[in-house]
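Heads up: the structure comes next, in C-alpha cells.
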Amino acid sequence: MNLETSPPAPSRAKADAIAYQTPALATGLWQIANSLLPLIASVITLHYVLATQAWWTIPAYIALVLLAGGLVVRMFIIQHDCGHGSFFASRRANDVTGFLCGLITFTPYQNWARQHAGHHANWNNLDRRASGADIYSTCITVKEYRAMSGWSRFGLRLTRTPLVYLGLIPPLVFLVLYRLPFDTPKEWPRERRSVHLNNAMLLAAFIAMGIPLGFGNVLLIHLPIMSVAAIVGVFLFSVQHRFEETLWARQESWSAVDSALKGSSFLNLGPILRWFTGNIGYHHIHHLNGRIPNYRLAEAHEGIAAAQAVPALKLGAALLNHRHALWDEDAGRMVSFAAARAAA
C-alpha cells in the first residue's frame with residue numbers, strides 16, 4: 001500500500017488494536033484461579049496468625065496483609081475488565097464474575113462499571129470533566145486554580161498531599177463512599193440497586209465469618225487488606241492520566257486515539273508488580289481499545305507500532321507524580337502548585 005492511500009498512524013493503531021480484543025476462556029479462568037486461590041490462602045493464614053496472639057507474628061501479619069492487598073488489586077482488574085465486557089466473550093459470564101469480584105473488592109459492580117464507562121468516553125477532555133470524570137483522573141487547570149479563593153486553593157493543595165490523597169481518601173472511598181449511591185443518578189435504578197445488593201452481601205459475609213472467627217479478627221484482617229488495595233488502586237488510576245508530559249485538550253481538538261497514546265501513561269512496573277496489577281500499566285493500550293482483556297495488553301503493546309513511541313513511565317517517577325497537579329494550557333503540560341504560583 002502506498003503512502004497516499006495509507007491511513008494515518010493513529011487510525012492504523014485503532015485498527016491494529018482490534019486484533020487483540022478477543023478473550024481467551026482458558027486464560028481468563030486461569031487468571032481467576034491464580035488470583036483467588038492465593039487470596040483465600042492468605043486470609044486463612046492470617047486468621048491462624050492472629051490466633052497465636054504472639055508479638056513475633058507481627059511481621060508475618062504485615063507481609064500477609066500486603067500480599068492479600070496486592071491480590072485484591074488483581075481481582076479488581078478482573079472486575080474492571082468484566083465491566084468493559086472484555087474478560088470473557090459472554091456478557092453473562094462477565095457480569096456474574098464482575099459481581100462476585102465486587103464482593104472481594106467492596107465495589108458495587110454495575111454502578112462502578114457504568115460510571116467508569118463515562119471516564120472512557122471523556123478522559124483528558126477539558127470541556128467534559130464533569131461528565132464521567134472521577135477523582136482519580138480529573139484535573140484542574142492553572143487558570144482555574146488562580147481564580148480560586150485562598151481557602152479553595154488551600155483545600156485543593158491539602159487533598160493533593162500524599163498523606164491525604166493516597167493515605168486517607170482511598171480507604172474512605174472504598175470502605176464508606178462506595179456503600180452509598182450518593183453520586184448515582186435516580187435514572188440509574190439497576191446501578192443504585194447494585195450498591196444496596198453489594199452492601200447486603202458484604203454484611204451477610206461479615207456475619208457468617210464473624211460468628212465463628214470473631215468479628216474483631218475479621219475486621220483486623222479485611223480492613224487493612226482493603227486499605228492497602230485501595231491505596232494501590234487509587235495510585236495506579238491517578239498516575240495514568242496526570243503526569244508531566246500527558247495531553248489534555250479542549251473538545252474541538254480532542255481525539256480518542258491521541259488521548260490514548262499521548263494522554264494515558266505506559267507505566268513500566270516490572271514483571272512482579274505488572275502481575276499483581278493486571279497489566280494496567282499498559283494504560284495507553286487499554287484506552288486505545290477498552291475491549292482488550294488485561295492478559296493481552298502486553299501483547300498488544302508489542303504488536304501495535306504506534307504504541308512503541310509512547311515513553312515508559314518508571315515507578316520511581318510515578319511515585320513523585322503527585323507534584324504534577326495542574327494542567328498548564330499555555331505550556332501544554334502538567335505543573336506543580338509552586339510553578340503555577342511562580343508564573344502568576
Check whether any side-chain heavy atom of Leu261 lies under 4.5 Å from a side-chain heavy atom of Val257, and answer yes or no. yes
Is a side-chain donor-acceptor pair under 3.5 Å present for Ser265 with Gln240? yes
Is the CD1 atom of Ile272 crowded by more than 12 outside heavy atoms at less than 6.0 Å? no
May I ask you to decide if Leu156's main-chain N or O and Thr159's side chain share a donor-acceptor pair within less than 3.5 Å? yes
Keeping the roles fixed (side chain from Arg291, backbone from Gly85), state whether a donor-acceptor pair exists under 3.5 Å. yes
Going through the checks in order, is the side-chain contact (heavy atoms from CB on, under 4.5 Å) test met by Tyr20 and Glu302? CA-CA 11 Å; Tyr20 302 94; Glu302 295 300 326; over 6 Å; no
I'd like to check Phe206 versus Leu219 (side-chain heavy atoms, cut-off strictly below 4.5 Å). Are they in contact? yes
State which residue, out of Leu64, Ile40, Leu50, Leu67, fulfils the side-chain contact (heavy atoms from CB on, under 4.5 Å) condition with Thr45. Leu64
Could you tell me whether a side-chain N or O of Asp127 sits under 3.5 Å from a main-chain N or O of Arg250, the two making a donor and an acceptor? no
As a quick check of understanding, evaluate side-chain contact (heavy atoms from CB on, under 4.5 Å) for Arg179 and Phe106, giving each step before the final call. CA-CA 8 Å; Arg179 312 277 64 81; Phe106 286 36; 3.9 Å; yes
Is it true that the side chains of Tyr145 and Arg157 contain a donor and an acceptor less than 3.5 Å apart? yes
Tell me whether Thr107 contacts the main-chain N or O of Thr105 through its side chain, where contact means a donor paired with an acceptor under 3.5 Å. yes
Whether Thr246 side chain and Phe243 backbone form a donor-acceptor pair below 3.5 Å: no
Whether the Asn111 and Thr184 side chains hold a donor-acceptor pair (N or O, under 3.5 Å, no angle test) is what I'd like checked. yes
Does the side chain of Pro170 reach to within under 4.5 Å of the side chain of Val232, using non-hydrogen atoms? no
By salt bridge (Lys or Arg N to Asp or Glu O under 4.0 Å), which residues pair with Arg274, not counting sequence neighbours? none
Any luck finding a side-chain donor-acceptor pair between Tyr109 and Asn198 under 3.5 Å? no
Measure the shortest side-chain to side-chain distance between Val43 and Ile225 over non-hydrogen atoms and say whether it is less than 4.5 angstrom. yes
Treating Ile, Leu, Val, Met, Phe, Trp and Tyr as nodes and any side-chain heavy-atom pair under 4.5 angstrom as an edge, say whether Leu163 and Ile231 lie in one connected cluster. no
With side chains defined as the heavy atoms from C-beta onward, is the minimum distance between Ile280 and His80 less than 4.5 Å? yes
Parallel, tilted or perpendicular for His119 and His287, by the 30°/60° rule? perpendicular
Short side-chain donor-acceptor distance under 3.5 Å, Ser259 and Trp254: yes
Assert yes or no for the condition that the ring centre distance of His322 to Tyr165 is strictly below 6.0 Å. no
Close side-chain approach of Glu245 to Leu313, heavy-atom, < 4.5 Å: no
Side-chain touch Arg333/Glu244, heavy atoms, less than 4.5 angstrom: yes
Mind checking whether Trp123 and Leu326 sit in one hydrophobic cluster, side chains of I, L, V, M, F, W, Y counted as touching below 4.5 Å? no
Is it true that a side-chain atom of Ser264 and a backbone atom of His284 form a donor plus acceptor pair closer than 3.5 Å? no
A quick test of your reading: do over 12 heavy atoms of other residues, nucleotides or ligands sit less than 6.0 Å from CZ of Phe154? no
